[in-house]
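The structure appears right after this line, and notes come after that.
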Amino acid sequence: SQQGEEDPQALSIQEGENATMNCSYKTSINNLQWYRQNSGRGLVHLILIRSNEREKHSGRLRVTLDTSKKSSSLLITASRAADTASYFCASGGSNYKLTFGKGTLLTVNP
Amino acid sequence: DAEITQSPRHKITETGRQVTLACHQTWNHNNMFWYRQDLGHGLRLIHYSYGVQDTNKGEVSDGYSVSRSNTEDLPLTLESAASSQTSVYFCASSESGQVDEQFFGPGTRLTVL
């Protein structure tokens, strides 16, 4: 399998705390994307970072990419109960295909 | 607003039956993808298409087929459903170009008895 891995598999925090999820991938990439999935719903794109970028911000999201280690991290600051969801990283090549990791289940307790 | 829809949302079928899951997008995207999502496996690519009359096998294509006769639709067919194909199926689409963010449908939960 070419799938990457997210770490941790599950994370439980209190509202207001920061949540950090890590992702490793196996092949060279064009970009790395993060998606969110609420229970019983489809995936929603959060943020994309290109292979020549090291860090990117979008609102309360911060993504880093280390291509030498084939790893990425997603930081959600000041988490809210509404952030409770599964988070997936997806590595993208030059052919529009994405390879998804197995996801991190984030629970934010009020 | 543009969207991607899937039907049916839930389907129960019997082993050996042929099943077709529909996917329709109004984004006018060239690229369309089918994934299955299973506990412990994340999302795995079944088939994908880069345009009309183009189809390609993904990581887990055995037992599945697709056809692309127009830009909007990519139906997924299970030729002879097996219990191992019980899963949640997601369709996605993306634009050809620099940005390849994928837009996902709501999913179809398929149970094969």
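Throughout, a chain's letter reflects where its sequence line sits, starting with A, and its residues are numbered from 1.
With salt bridges taken as basic N to acidic carboxylate O contacts below 4.0 Å, one links Arg60(A) and Asp83(A). Remark: Glu15(A) does not engage Arg80(A) in a salt bridge, criterion side-chain N to carboxylate O under 4.0 Å. With salt bridges taken as basic N to acidic carboxylate O contacts below 4.0 Å, one links Arg17(B) and Glu14(B).
The stretch residues 104-113 of chain B places Phe104(B), Gly105(B), Pro106(B) near chain A, each with some heavy atom under 4.5 Å from a heavy atom of that chain.
Evaluation of the ring-ring contact (aromatic ring centres under 6.0 Å, His included) test over residues 42-72 of chain A, restricted to residues two or more places apart or in two chains, returns Tyr35(A)-His45(A). Each ring-ring contact (aromatic ring centres under 6.0 Å, His included) pair with one or both residues in residues 55-76 of chain B, not counting sequence neighbours, appears once here: Tyr64(B)-Tyr89(B).
Contact of the Cys23(A) side chain with the Trp34(A) side chain is registered, since non-hydrogen atoms from C-beta on lie closer than 4.5 Å.
For Gln6(B), no part sits under 4.5 Å from any heavy atom of chain A, backbone or side chain. In this structure, chain B has no heavy atom under 4.5 Å from any part of Gln9(A).
Partners of Phe103(B) according to the ring-ring contact (aromatic ring centres under 6.0 Å, His included) rule, which considers only residues two or more places apart in sequence or in another chain, are Trp27(B), His29(B).
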